[in-house]
Amino acid sequence: MAIVVVIALIAYFAEPRKALTLREEKSETAQATTMQRDTLFAFDPNTVTYDELLLLGFDKRTAVGIVKYRTAGKVFGIAEEFALCYGVTDSMFARVRPYIKIGSRYATKPKRRESVTADSSRLNRKPRFSPRPFEPFLIDTVGVEYLRLIGFSTRQAETLIEYRRRGGGIFSMNELRDCYAVSEEMADSLSHFVILSKRDPFAGLIEINGADSATLRRVRGIGAKTVVAVMQYRKFLGGFYKKEQIAELKCVTPENFARISEQIYCDSCKISKIDINFAPAYDFEHHPYMTRRAVRAITETRESKGGWTSIEEMIEDEIFTEEQAKAIAPYLLFGTTPQSFD
């Protein structure tokens, strides 16, 4: 009995001690974790090791990503480039930013002005262009600061932007190379990162289906009389489906059309179409591409036949010749239900 009492007393006094020991161990572990998380020291992102990144408080995945980013050939020339690594959040970067020290081997060096007394070989030597674009960028929206960051001088950047403004944009690498501020080496280095804008094929041209008389008069080669003729012909046709139809006007010579065609285009979605199966004859009998014979054949045949499903069927029924069908087809609809014709 005495032995049992002694064992119980030992267990009673030992248990709190054991619990205290466990609490102390947890406390020490938490303290060590906190200390590790707060272990900040000066480091160069170009040389910092995986273990050192863990000590700085980065998780394993982010540390691996930083090392891989560097292994792929990336160089951190300024501290802010470190923030672009995958996994480095804004809060992480803000925490370590005061401790980032870029070594002289890697740091982006400011361009030095050559001394007036420098020998001619140094003066004539072109500086090596080694940009470090962070990611692909739109050449038509990029600003001076970004261009400076990737290797342009302020003057080169401003010249490029002025060149871009005067041309309404840069739409090809050849246009970029034509800017005197961009050397061949620059263009080659940037070719993998530059995103070019798509040129609007109709920029500066006049759309002839929606243009009023004043707008048409702005086209060189279209005078006051030609404007009237164009607008009347457009009305009879129901709109132009190709700009070459302008040349069908008697007042437009081949030479004049060659000049006019460079300034215009037409939106064929704006033309009016005829439902050939149901439209009354007066809707199409005055169309420039309709002959009297075709009008008579249409009204007679569709009454007995009920209509057509395609222009090819109308050729088979000898309503149109192939040449006539080619001209009139853009203006025809082959409806299956009657519509209201007011």
Side-chain angles (χ1 to χ4, degrees), residues 26-114 127-161 164 176 181-183 185-195:
K26 289 181 179 177
S27 177
E28 289 174 359
T29 302
Q31 185 177 1
T33 303
T34 302
M35 288 178 63
Q36 179 175 342
R37 201 165 50 237
D38 292 334
T39 302
L40 294 174
F41 50 85
F43 70 98
D44 186 339
N46 294 292
T47 57
V48 65
T49 66
Y50 170 79
D51 291 331
E52 288 172 335
L53 287 167
L54 294 180
L55 285 175
L56 287 163
F58 292 95
D59 59 63
K60 292 182 180 180
R61 178 175 293 185
T62 303
V64 169
I66 293 169
V67 174
K68 283 186 175 180
Y69 186 80
R70 197 173 61 205
T71 304
K74 306 298 182 181
V75 176
F76 303 101
I78 58 176
E80 285 67 23
E81 289 181 319
F82 185 65
L84 298 170
C85 286
Y86 179 77
V88 178
T89 63
D90 292 342
S91 58
M92 285 181 184
F93 178 69
R95 180 171 168 271
V96 301
R97 174 64 182 86
Y99 299 90
I100 297 176
K101 307 297 179 185
I102 307 293
S104 58
R105 178 182 175 184
Y106 305 101
T108 300
K109 298 176 177 61
K111 295 185 178 181
R112 294 178 300 175
R113 298 183 64 181
E114 295 286 354
R128 182 174 177 79
F129 180 76
S130 54
R132 287 185 296 276
F134 300 153
E135 57 186 16
F137 62 93
L138 282 166
I139 193 65
D140 279 348
T141 58
V142 67
V144 171
E145 290 304 315
Y146 190 90
L147 289 171
R148 288 184 58 199
L149 194 60
I150 63 174
F152 283 74
S153 69
T154 300
R155 186 166 185 176
Q156 285 174 323
E158 290 174 346
T159 300
L160 177 59
I161 289 174
R164 180 181 74 193
L176 181 62
V182 180
S183 67
E185 187 180 7
M186 285 180 175
D188 290 340
S189 299
L190 293 173
S191 61
H192 300 295
F193 303 98
V194 169
I195 299 175

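The aromatic rings of F76 and F82 lie perpendicular to each other, with more than 60° between the two planes, well past the 30° mark.
The two atoms that bring D44 and I102 nearest to each other are OD2-C, 3.9 Å, heavy atoms only. In terms of heavy-atom proximity, A63 sits nearest to L54 at CB-CD2, 4.3 Å. Minimum heavy-atom separation, A42 to K101: CB-CG, 3.9 Å. Considering all non-hydrogen atoms of both residues, A187 and V182 come closest at N-CG1, 3.9 Å. Nearest heavy atoms, M186 versus A181: SD-O, 3.5 Å.
Ring pair F43/Y99: centre-to-centre distance not below 6.0 Å.
Shown here are the side-chain hydrogen bond (donor to acceptor under 3.5 Å, both in side chains) partners of R70, two or more places apart in sequence or in another chain: there are none. Scanning for side-chain hydrogen bond (donor to acceptor under 3.5 Å, both in side chains) contacts around T154 gives R148, with sequence neighbours left out. In this structure E52 satisfies the side-chain hydrogen bond (donor to acceptor under 3.5 Å, both in side chains) test together with T49, sequence neighbours excluded.
Annotation: the span from I161 atom CD1 to F152 atom CZ amounts to 9.5 Å, rounded to 0.5 Å. With values rounded to the nearest 0.5 angstrom, L190 atom CG is found 5.0 Å from I150 atom CD1. Considering CD1 of I139 and CZ of R164, their distance stands at 7.0 Å, rounded to 0.5 Å. Taking CD1 from I66 and CG from N46, the interatomic distance works out to 11.5 Å, rounded to the nearest 0.5 Å.
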**Prompt:** Between D188 and S191, is a side-chain hydrogen bond (donor to acceptor under 3.5 Å, both in side chains) present by the stated rule, with each step listed?
**Reply:** CA-CA 5 Å; D188 290 340; S191 61; 5.6 Å; no
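The side-chain heavy atoms of V48 and V67, taken from C-beta on, include no pair separated by under 4.5 Å.
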